[in-house]
Every structure is written in C-alpha cells, then in structure tokens.
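Naming convention: chains lettered A, B, ... in sequence-line order (proteins, then strands); numbering from 1 in each chain. Computed from a predicted structure; not experimentally measured. Values below: all heavy atoms of this structure, side chains included; hydrogens, waters and symmetry mates excluded.
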There are 2 protein chains.
Amino acid sequence: MDLRLLESLVVVAEKGTIGEAAKRLGVSQSALSRRLQTLEFDLGVELLVRQGRGVVFTEMGRRAVEEGKILTDRYGRLKEELSRIESRKEGVVRIGGGATAVGYLLPPAIARFSAQHPGLRFEVREAGSREVEQAVVAGELDLGIVTLPLQQPDLNQSPLVRDRIVLVAGSQHPLVRGSSADEASGSGLEIESTELQGLPLVGFEKNSAIRRLIDDALLNAGVTMNVTMELRSISTILRLVESTQSLGFVSALGARQARVLPVADLLIERELALISHRDRCLSPAAQAFAEQLNR
Amino acid sequence: MDLRLLESLVVVAEKGTIGEAAKRLGVSQSALSRRLQTLEFDLGVELLVRQGRGVVFTEMGRRAVEEGKILTDRYGRLKEELSRIESRKEGVVRIGGGATAVGYLLPPAIARFSAQHPGLRFEVREAGSREVEQAVVAGELDLGIVTLPLQQPDLNQSPLVRDRIVLVAGSQHPLVRGSSADEASGSGLEIESTELQGLPLVGFEKNSAIRRLIDDALLNAGVTMNVTMELRSISTILRLVESTQSLGFVSALGARQARVLPVADLLIERELALISHRDRCLSPAAQAFAEQLNR
DNA sequence: TGTAATTGATGAGTGATTTGCATAAGATAA
DNA sequence: TTATCTTATGCAAATCACTCATCAATTACA
C-alpha cells in the first residue's frame with residue numbers, strides 16, 4: 001500500500017523505460033526495477049511486460065497508472081491542504097450560541113474576522129446554552145457562547161460580556177410615558193417593578209437560560225407577570241411586542257433600536273462566556289477567532 | 001507516501017486510542033505510535049494530541065482521516081478491479097476495422113462474445129486498413145481487422161476470411177438479365193468484364209485498400225469504368241446503386257441481400273486478417289476475443 | 001491525597017526491506 | 001554476427017519498521 005510504488009509506475013509510463021524513470025526519480029535502475037516487482041506482487045497482477053526495448057503496459061498496468069495519478073495527486077493535495085489549515089489560510093470554525101450571541105454578537109465578529117482571513121469558513125449553530133455546552137463537550141462544536149454558570153465540567157471558559165436584560169414595550173404601550181423614541185433611556189422615565197404585576201409578557205422558551213434568569217428576577221422582586229407567548233428569537237419577540245402592544249424582556253444587545261423601559265428596581269444581568277473543550281485542542285482557525293473575541 | 005500510515009490513522013480515529021487500534025491492526029502499540037509519528041512528519045502537521053485518556057484529533061487530523069478513508073478505499077477498489085480485469089470479468093477491447101469488418105464481421109462476433117462475457121466493453125473504430133494498422137502499432141487499438149498485405153512491420157497477423165468483391169447492380173439495371181432476385185447467383189446469368197467498359201460505377205474512396213484492389217483488377221482485365229461517386233460505407237453504396245440504377249463493387253459479405261451480378265472473367269478477392277501488435281501484450285479481454293474470432 | 005490503572009512515548013535490539021553497485025541476461029538493430 | 005540498449009539479479013550495506021520492556025503522564029478511585 002505504498003503510493004511511492006504507484007508513483008514509480010506512473011513515471012515509468014511517462015518515460016517509457018525503467019532506466020529513464022529511475023533517473024527522474026533519483027534512484028538506481030535496479031531499485032526501480034525491484035519496486036515494480038514489489039508493486040506487481042502487492043496488486044497481484046502483471047502490470048508491464050519487460051522487453052529488450054523498454055517496457056510495455058498491460059491493460060491492468062494502464063489502469064493502475066490512471067488510478068496511480070489520481071491517488072498520488074490527491075495525496076499531494078491533502079498535504080497542501082493540511083498546511084494551509086495549519087497556517088490558518090483555510091479551515092472551519094464551528095461555533096454555537098444562544099439567540100443573543102448568534103444574532104447580535106457573532107455577526108460583526110465574524111465579519112471582521114472574515115475580512116482578515118478570507119479562507120476560513122464558519123458553521124454557526126443556534127441553540128440553548130446548555131445544548132451548546134453539550135455540543136462543545138461532544139466535539140461537535142469548537143466554540144460556544146453561553147450564559148454562565150456552566151453545567152458541564154471539562155470546559156474552558158472566558159468571560160466575554162456582561163449582558164443586561166431590559167424590558168421593551170410596544171410604542172403605544174400605556175407604560176410608555178411621555179417623550180419620543182429617540183430619547184435616551186434612563187432619563188427619568190423609569191417605572192417601578194410593581195407596575196408590571198400581572199401584565200402580559202412575550203417571553204423566551206421555558207427552560208432556556210435567559211428565561212430562567214428573568215423568572216428568578218421577577219420572583220425576587222415579588223412580581224408575577226403573565227407570559228402569553230414563548231419564543232426563541234429576539235427579533236420575533238420585538239415584533240410581537242410591538243404588534244400586540246405588550247411587554248418583553250430581551251438582551252440589551254438585541255434591543256438597541258426598540259423602546260426600552262427602564263425599571264428602577266429590577267437589574268437583570270447575565271454573563272456570556274466563550275467556552276471550548278478543555279482537552280480537545282482548538283483548530284488553528286478557531287484558536288484565532290477565540291483570541292479575537294477575547295480582545 | 002505510505003497508505004498504511006493513513007489507514008492506521010483512520011483506525012485510531014475509529015477506536016479512540018492507539019492501543020486499541022494497534023490490536024485491531026495486529027501490531028504492537030509502540031509500532032503504531034511510531035507510525036503516527038512518521039505520518040505526522042511526512043504530512044508536516046500535528047494530527048492528534050496525545051493525552052492521558054486516548055488521543056484527540058486536531059482539525060488537520062480529522063481532515064486527514066476523511067481523506068485517508070477515501071484513499072485507502074480507492075486503493076482497495078483498484079486492486080479488486082485489476083484482478084477482475086485479469087480474470088476477464090471486466091475490461092475493454094479496442095478494435096478497429098474497415099467498413100466490411102465493422103459493419104458485417106464484427107457485430108455478430110461481438111454479440112456472441114458479449115453474451116459469454118457480460119462485463120466486457122468494446123470500443124470499435126471504423127477506418128481504412130492502413131489507418132487501423134497504424135493505430136494498432138501506436139497502441140491505440142488492441143486489435144484490427146484489415147486487408148492483407150500489411151504495410152507496417154511489428155504486427156502479428158492471423159488470416160480470418162477470404163472475402164470476394166462482387167459486382168452489384170440496381171434492380172432495373174440493363175445488365176440484370178432475366179429472372180427474379182431470389183435466384184441464386186452464378187446460375188448462368190454471368191456477364192463478361194468487357195460489358196462493363198465505360199459504365200458508371202459507385203465506388204469506395206480513392207486510396208482505400210479495397211478501392212485499390214478493384215482498380216487493379218479492372219486494369220488487369222483491361223476494362224475502364226467511370227467512377228461517378230466515392231463513398232466509405234457499403235450500405236450507402238448499395239442504396240446509391242439502387243437509386244441511381246448504376247453499378248458497384250462491394251464485399252460479398254455486405255452484398256448478400258443485394259442483386260449480385262456474376263462476372264465470368266473477373267475474380268476479385270482479398271484476405272482479411274486479424275492483427276495485433278507484436279510486442280504489446282493483449283489485454284485478457286482482447287486475447288479472449290481474438291481467440292474466438294480465430295475459431 | 002495517595003495509589004492503581006490506563007495510555008502513549010521511548011530506548012535497545014532484531015529482523016525485514018530497500019538500495020546501490022556491478023554484472024548477467026535478454027532483445028533489438030545494423 | 002556484434003554492438004547496443006534495457007531489464008533482472010547477486011551481494012553487501014544501509015535503512016526502516018517492528019517487538020519487547022520500560023518510562024512518563026494522566027486519570028480514576030479509595
């Protein structure tokens with residue numbers, strides 16, 4: 001199963017004689033003659049007929065030459081590809097995260113990174129934080145951006161951003177008092193958490209990390225809200241908040257353009273961290289991307 | 001460039017540890033460990049990270065495994081294909097011949113042979129005898145069926161059939177005397193060659209072997225005919241002979257259903273022979289086909 | 001924390017493989 | 001026939017790959 005033997009056969013086919021091919025390959029004629037014998041033994045068929053005047057290929061020989069070209073070529077390409085991957089000219093970054101990370105954190109980061117590394121591809125997976133954790137542990141993903149704290153052990157983590165969860169409301173919502181949309185938040189229009197009691201809320205899915213965070217915060221504040229819909233995506237929540245003139249809690253990162261209602265006595269925060277498998281080594285591309293994210 | 005090294009890597013990927021993979025491969029753990037080092041050196045990149053608990057693949061390693069599967073698989077298939085070729089279960093017969101051979105000799109022979117050897121394919125090339133000769137010498141064809149004598153040296157020849165060239169005429173042609181088409185030829189309706197003097201003739205191309213044969217025969221008989229058209233295919237000549245109510249000389253093999261005019265003092269014969277390159281060895285399939293033709 | 005177990009790497013010795021050189025053997029061309 | 005070209009082969013040297021035994025690193029568990 002030595003490709004050098006097939007390669008030798010290919011060169012012999014090009015040159016027509018074993019002696020010439022040997023020169024080209026930089027080995028002695030006798031060595032090449034024996035290589036061909038070995039190859040014929042390995043493949044179990046007669047590849048060429050030796051005659052006084054050079055060699056002549058059998059049909060099997062011709063076929064072996066054809067395939068030999070393909071195989072040696074592929075081997076060479078593989079070698080080149082591998083060093084391109086190593087030098088980060090090529091490669092894949094498999095990264096996963098929740099709605100906020102995938103929707104608002106990743107796009108600009110990927111855009112910036114891609115500009116510097118045109119050969120690198122991304123595979124992005126959107127899923128819940130705990131699901132992403134598992135995928136990283138399983139080796140399906142190189143990196144994950146998840147809400148702390150982690151459940152799984154064996155993960156490297158590095159804090160990325162502290163993310164505030166803010167209350168957003170439809171533009172005609174009764175709680176939206178005074179002033180226009182372009183007014184900065186936190187400008188004295190604050191409301192109290194008690195005012196939220198019993199109001200309808202468009203929320204994230206049950207069991208998602210962010211949902212649990214919000215539920216806990218409301219519980220602590222002694223407020224009960226009425227979750228009327230459960231969704232996965234921030235943009236859908238924002239649209240529904242507007243169209244149903246109700247309320248929602250979303251990441252400040254995703255709420256920038258929407259109407260944010262500051263709640264005086266309700267601070268919901270979470271920390272998003274970049275995770276990777278502790279043992280498994282990162283691909284050069286993922287390594288570089290992780291470094292950029294941490295900067 | 002040893003596929004066994006890549007194959008080893010593939011098995012390690014399947015088993016997860018070098019030790020397990022070594023058992024599966026039937027070598028010692030240390031041997032396999034060194035194989036992997038050799039492979040990493042050959043490819044110039046780190047393929048896997050050794051840890052206390054098994055090994056973990058780098059991105060390059062994963063890529064190498066993917067490609068390794070393909071390469072080893074192809075090598076295996078090649079080996080199988082070669083032995084199928086050797087045992088004549090597969091293969092190609094490249095054969096060439098003139099109009100008569102390709103049109104009337106080869107089809108039944110190929111049909112019979114294909115029935116016995118379903119895996120074999122044919123590449124048939126129609127060309128002039130001398131062109132076929134050259135193609136056989138050049139190794140483009142395995143076999144040829146040509147008119148003797150040969151021009152090229154270095155050819156094996158074995159006589160196949162003695163072929164008579166007969167005169168055919170359109171059904172309304174003045175020379176067609178008496179009786180209907182189903183009457184056997186040579187039954188007393190013979191004409192003399194002198195009767196052909198100056199008559200229009202649909203003939204083969206100038207420079208073709210059969211044309212020269214006919215020209216020579218007419219010259220010997222002291223008859224000059226008027227070649228009004230020059231064609232390559234027997235069936236076209238037969239159609240034109242009928243539609244223009246003129247005369248033509250074609251092989252008796254191809255003229256069976258047409259109106260044959262026996263000429264008392266004109267015997268044109270040629271010998272068709274199967275040729276192959278003297279040095280170049282025949283593929284098993286071509287070998288078998290040649291044997292059947294000679295039988 | 002310490003100890004046993006698991007797993008890979010390494011040094012040394014050995015056998016197999018590959019190579020080069022010189023030469024023989026086979027075929028071709030003149 | 002001889003000269004020439006081409007491949008095969010005997011032999012010795014070098015190289016390579018393997019096994020065995022052991023070490024080193026990590027993990028699992030008490």
Per [X] side chain, nearest of listed nucleotides [options]:
{"X": "B:R50", "options": "C:dT19, C:dT18, C:dA9", "result": "C:dA9"}
{"X": "B:Q37", "options": "C:dG20, C:dT18, C:dT10", "result": "C:dT10"}
{"X": "B:T17", "options": "C:dG20, C:dT7, D:dT7", "result": "C:dT7"}

Do the side chain of [X] and the base of [N] come within less than 3.5 angstrom through a donor-acceptor pair of N or O atoms?
{"X": "B:Q29", "N": "C:dA9", "answer": "yes"}
{"X": "B:S30", "N": "D:dC18", "answer": "no"}
{"X": "A:R35", "N": "C:dG20", "answer": "no"}
{"X": "A:R34", "N": "C:dG20", "answer": "yes"}

Should the heavy atoms of other residues, nucleotides or ligands under 6.0 Å from CZ of B:R77 be counted, would the total exceed 12? no
Heavy-atom nearest nucleotide on DNA chain C for A:L32 versus B:E20: which residue maps closer to 5'? B:E20
Across the strands shown, which category fits B:A31 at heavy-atom distances under 4.0 angstrom: base, sugar-phosphate, nothing? base
Rounded to the nearest Å, what distance is computed from the [atom1] atom of residue [X] to the [atom2] atom of nucleotide [N]?
{"X": "A:E40", "N": "D:dA8", "atom1": "CD", "atom2": "P", "value": "8 Å"}
{"X": "A:L5", "N": "C:dT18", "atom1": "CG", "atom2": "C1'", "value": "11 Å"}
{"X": "A:D2", "N": "C:dT19", "atom1": "CG", "atom2": "C1'", "value": "14 Å"}
{"X": "A:E46", "N": "D:dA8", "atom1": "CD", "atom2": "P", "value": "11 Å"}
{"X": "A:L39", "N": "C:dT17", "atom1": "CG", "atom2": "P", "value": "16 Å"}
{"X": "A:E7", "N": "C:dT18", "atom1": "CD", "atom2": "P", "value": "16 Å"}
{"X": "A:M1", "N": "D:dA17", "atom1": "CE", "atom2": "P", "value": "15 Å"}
{"X": "A:K15", "N": "D:dT6", "atom1": "NZ", "atom2": "C1'", "value": "16 Å"}

Shortest non-hydrogen contact between B:R50 and B:L48, atoms and distance: NH1-O, 3.0 Å
Closer than 4.0 Å, any side-chain N/O of A:S33 to the OP1 or OP2 of D:dT7? no
Do the charged groups of A:R125 and A:E140 touch, with an N to O distance under 4.0 Å? yes
Salt-bridge contact A:E90-A:R84 (side-chain N to carboxylate O under 4.0 Å): yes
So how far is it from A:E205 CD to A:I210 CD1, rounded to the nearest 0.5 Å? 11.5 Å
